[in-house]
Protein chains: 2
Amino acid sequence: MNAAPPLPVPAQPAPRMTRQRAAVVEALDGLDDFRSAQQLHEELRTRGDSVGLATVYRTLQALAEAREVDVLRNDEGESLYRRCTRREHHHHLVCRVCGRTVEIDGPTVEAWAAKVGAAQGFSDIDHTVELWGTCADCRA
Amino acid sequence: MNAAPPLPVPAQPAPRMTRQRAAVVEALDGLDDFRSAQQLHEELRTRGDSVGLATVYRTLQALAEAREVDVLRNDEGESLYRRCTRREHHHHLVCRVCGRTVEIDGPTVEAWAAKVGAAQGFSDIDHTVELWGTCADCRA
DNA sequence: GTCAATTTGACAATCATTCTCATCGCGGCT
DNA sequence: AGCCGCGATGAGAATGATTGTCAAATTGAC
Ligand SMILES: [Zn+2]
Ligand SMILES: [Zn+2]
Ligand SMILES: [Zn+2]
Ligand SMILES: [Zn+2]
């Protein structure tokens, strides 16, 4: 049996390493909760690693597509990004007050979602699951 | 034991009944899947019950706050509205192709969400759960 | 180094949603 | 039925996040 053909699924050409991309990734690594593109842009400017706003948006999109960062939408519809610890599929529990984020593993929901979807005759089931709450430190 | 005090939680003054509000509700009743404010506005114009776009937005917001309609965000961030059958808390399974929607009851997730949140020391746990898939009629 | 292909960034353009404010009409009262 | 106060309406302007444009700057392979 020969080796598998070269690269059946190269998908994207692998992005170039630029100062800007490195700065965005570094900033994300330094933060611990979800941030918007605008906030990241500001953060970078403060650090002195200034990057154009459009570039911040493009970089975050690329990182998201490459599954390097997670994305979620706040209640105002803005996209928030975060570099998570685990790269596998997971969910989040976010403090609606301070933004503190906990990565959640949900074998229970995973199974539930697949089961319910199948029961209705749907295929390629995908799901959106996010948890919001007030963390211990933010109690009144 | 006396009757409970008059109205401890009147909240909102109850909106006035206007031709516009009635038209929006009627249109929603006639539809079966989630629609955006813009789509509703167009639908109304087609029906001849033309209503100003701003009014459509305001009415949908009010209906949503009154829990008369359900809201969810599509992947582009637009708000979609739907008049659901059950008024109690529930979730949805939406066909990503044709929009066909099924109301889902999820005692399993409800419990899971509360449990996970508490385990992390969070309180007032709230959750976002939506399922997406391809319905039987939309298979290739 | 050289050079083609990418990437960047200042700025314009989109586009859903919200705001403004003069006008309209619902509904409680007589 | 007529009166009236105030919420509701709508045309258009304003907002604000995100995307598009395109010339100039960089990257990475040879
Ligand atoms: Zn907190
Ligand atoms: Zn999951
Ligand atoms: Zn379908
Ligand atoms: Zn639920």
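In the text below, chain A, chain B and the rest are named by the order of the sequence lines, each starting its count at 1.
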Among the candidates [options], find the nucleotide nearest to the side-chain atoms of [X].
X       : options                : value
B:Tyr57 : C:dT17, D:dG20, D:dG28 : C:dT17
A:Ser79 : D:dG10, D:dT18, C:dG9  : D:dT18
A:Arg16 : C:dC26, D:dG10, D:dT26 : D:dT26
B:Thr18 : C:dT7, C:dT17, C:dC26  : C:dC26
A:Ala54 : C:dT8, D:dG10, C:dC11  : C:dC11
A:Met17 : C:dT18, D:dG28, C:dC11 : D:dG28
B:Arg58 : D:dT9, D:dT18, C:dA10  : D:dT9

So, does A:His91 use its side chain to make a donor-acceptor pair with the main chain of A:Val129 at under 3.5 Å?
-> yes
Donor-acceptor under 3.5 Å (B:His127 side chain, B:Ile125 main chain) = no
Between C:dT17 (C1') and A:Asp75 (CG): distance, integer Å | 15 Å
Do any of residues 34-53 of chain A sit with a heavy atom less than 4.0 Å from DNA chain C, and if so which?
-> A:Val51, A:Gly52
Salt-bridge criterion met for A:Asp29 and A:Arg83 (N-O under 4.0 Å) = yes
Under-4.0 Å salt bridge between B:Arg82 and B:Asp32 = yes
For B:Arg19, answer base if it contacts any base atom (sugar-phosphate contacts may also be present), sugar-phosphate if it contacts only those atoms, and nothing otherwise; contact means non-hydrogen atoms under 4.0 Å.
-> sugar-phosphate
Does the side chain of A:Gln61 get closer than 4.0 angstrom to OP1 or OP2 of D:dT18 through an N or O atom?
-> no
Is the phosphate of D:dA25, meaning OP1 or OP2, less than 4.0 Å from a side-chain N or O of A:Gln20?
-> no
Roughly how far, to the nearest 0.5 Å, is the CD atom of B:Glu78 from the CZ atom of B:Arg73?
-> 10.0 Å
Could you check which residues of residues 25-32 of chain A get a heavy atom under 4.0 Å from DNA chain D? Sort them by number, please.
-> none
In short, B:His90 meets B:Asp70 closest at the heavy-atom pair NE2-OD2, 3.0 Å
Pair B:Phe34 + B:His92: ring centers closer than 6.0 Å | yes
